Amino acid sequence: QGQLVESGGGLVQAGGSLGLSCVASGRSFFRYAMGWFRQAPGKEREFVAKISGIGGVTNYAEPVKGRFTISRDNAKNTVYLQMNSLKPEDAAVYYCAAARGVVATSEADFDSWGQGTQVTVSS
């Protein structure tokens with residue numbers, strides 16, 4: 001399982017950018033899919049983006065397509081989420097997660113989670 005440590009959250013104005021990082025330890029990072037999720041107050045946790053463990057194939061939730069980019073650096077055991085053109089509705093706690101396999105198809109496939117990092121977007 002290992003450990004996931006997130007960083008990069010903070011306060012940003014609408015239209016601005018913010019980059020999140022997640023450092024993993026304890027297993028063969030390069031083999032497994034990674035994902036980002038978020039949860040706003042009073043709302044369900046929702047999928048944001050994921051990247052596969054082979055080939056780096058990415059998928060995004062519709063609300064963030066064209067604005068967010070997920071990437072990974074296997075040599076550094078790190079996954080990133082670059083967020084551009086931020087909107088107030090993007091404000092949430094963002095969580096990094098690691099899957100059990102090369103490909104993840106649902107939230108249940110992710111078995112390791114970070115502590116979350118707060119992203120606040122002002123109007």
Side-chain angles (χ1 to χ4, degrees):
Q1 295 183 10
Q3 182 181 19
L4 303 176
V5 180
E6 297 148 305
S7 63
L11 174 64
V12 63
Q13 290 188 337
S17 297
L18 199 63
L20 307 181
S21 298
C22 173
V23 179
S25 64
R27 72 180 194 181
S28 300
F29 174 81
F30 71 94
R31 299 182 183 273
Y32 304 113
M34 300 290 294
W36 288 95
F37 297 78
R38 67 187 184 187
Q39 187 169 27
K43 295 186 177 181
E44 306 259 342
R45 178 177 288 180
E46 65 176 351
F47 165 76
V48 175
K50 62 180 179 179
I51 184 167
S52 73
I54 296 179
V57 178
T58 59
N59 296 95
Y60 299 91
E62 185 64 30
V64 309
K65 286 182 179 178
R67 300 189 296 120
F68 291 11
T69 302
I70 186 172
S71 61
R72 65 193 298 162
D73 186 336
N74 292 329
K76 297 180 179 179
N77 276 23
T78 302
V79 63
Y80 305 95
L81 185 69
Q82 178 63 43
M83 304 183 291
N84 298 325
S85 301
L86 282 161
K87 304 174 180 180
E89 51 263 45
D90 294 319
V93 176
Y94 282 72
Y95 297 91
C96 175
R100 296 185 297 271
V102 174
V103 176
T105 59
S106 69
E107 184 172 330
D109 290 331
F110 293 90
D111 64 351
S112 297
W113 294 80
Q115 81 288 349
T117 186
Q118 177 71 51
V119 173
T120 303
V121 184
S122 62
S123 300

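Bear in mind that the values here come from a model prediction, so they are computed numbers and not experimental data. Residue indices begin at 1 and follow the sequence shown.
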#### Entry: Steps toward side-chain contact (heavy atoms from CB on, under 4.5 Å) verdict (Met83, Val64)
CA-CA 8 Å; Met83 304 183 291; Val64 309; over 6 Å; no
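- Seen from the ring of Tyr60, Arg67 does not count as a face-on cation partner, given the 6.0 Å and 45° thresholds.
- Across all non-hydrogen atoms, the minimal contact from Ala91 to Ala40 is O-CB, 3.7 Å.
- Here OG1 of Thr117 is found 11.0 Å from CG of Leu81. Values are rounded to the nearest 0.5 Å.
- In terms of hydrophobic clustering, with Ile, Leu, Val, Met, Phe, Trp and Tyr side chains grouped at heavy-atom distances under 4.5 Å, Phe29 and Trp36 are assigned to a common cluster.
- Residues Glu6 and Tyr94 come closest through the heavy atom pair OE2-O, 3.2 Å.
- Taken from CZ in Arg38 to CD in Glu89, the straight-line distance is 8.0 Å, to the nearest 0.5 Å.
- Taking every heavy atom of both residues into account, Pro88 and Ser123 meet most closely at CG-OG, 3.6 Å.
- Val121 and Val93 fall into different hydrophobic clusters, where Ile, Leu, Val, Met, Phe, Trp and Tyr residues are linked whenever their side-chain heavy atoms come under 4.5 Å apart, directly or through other members.
- Separating the OG atom in Ser112 from the CG atom in Leu4 is a distance of 5.5 Å, to the nearest 0.5 Å.
- Residues Cys96 and Met34 approach most closely at SG-CE, 3.7 Å, considering heavy atoms.
- Put simply, Val57 and Ile51 are part of two different groups of oily side chains (I, L, V, M, F, W, Y) that touch within less than 4.5 Å, one to the next.
- Atom CD of Gln13 has 12 or fewer heavy atoms from other residues, nucleotides or ligands within 6.0 Å.
- Atom CD in Gln82 sits 8.5 Å away from atom CG in Leu20 (nearest 0.5 Å).
- Neither Val119 nor Tyr80 shares a network with the other; the hydrophobic side chains, linked directly or stepwise wherever heavy atoms of I, L, V, M, F, W or Y lie under 4.5 Å apart, form separate groups for each.
- The CZ atom of Arg100 lies 10.0 Å from the CZ atom of Phe110; values are rounded to the nearest 0.5 Å.
- Taking OG of Ser52 as the reference point, atom CZ of Arg72 lies at 7.5 Å (rounded to 0.5 Å).
- The minimum heavy-atom distance between Ala99 and Ala104, with the atom names listed, is CB-CB, 3.8 Å.
- In this pair, Tyr95 and Trp113 present their aromatic rings perpendicular. The plane angle is above 60°, beyond the 30 to 60° band.
- Note: the hydrophobic cluster containing Phe37 does not contain Phe68 (ILVMFWY, side chain heavy atoms under 4.5 Å, direct or indirect links).
- Taking a 6.0 Å sphere around CZ of Arg31, one finds it holds 12 or fewer heavy atoms contributed by other residues, nucleotides or ligands.
- In this structure a side-chain-to-backbone donor-acceptor pair under 3.5 Å is missing from Asn77 to Ser25.
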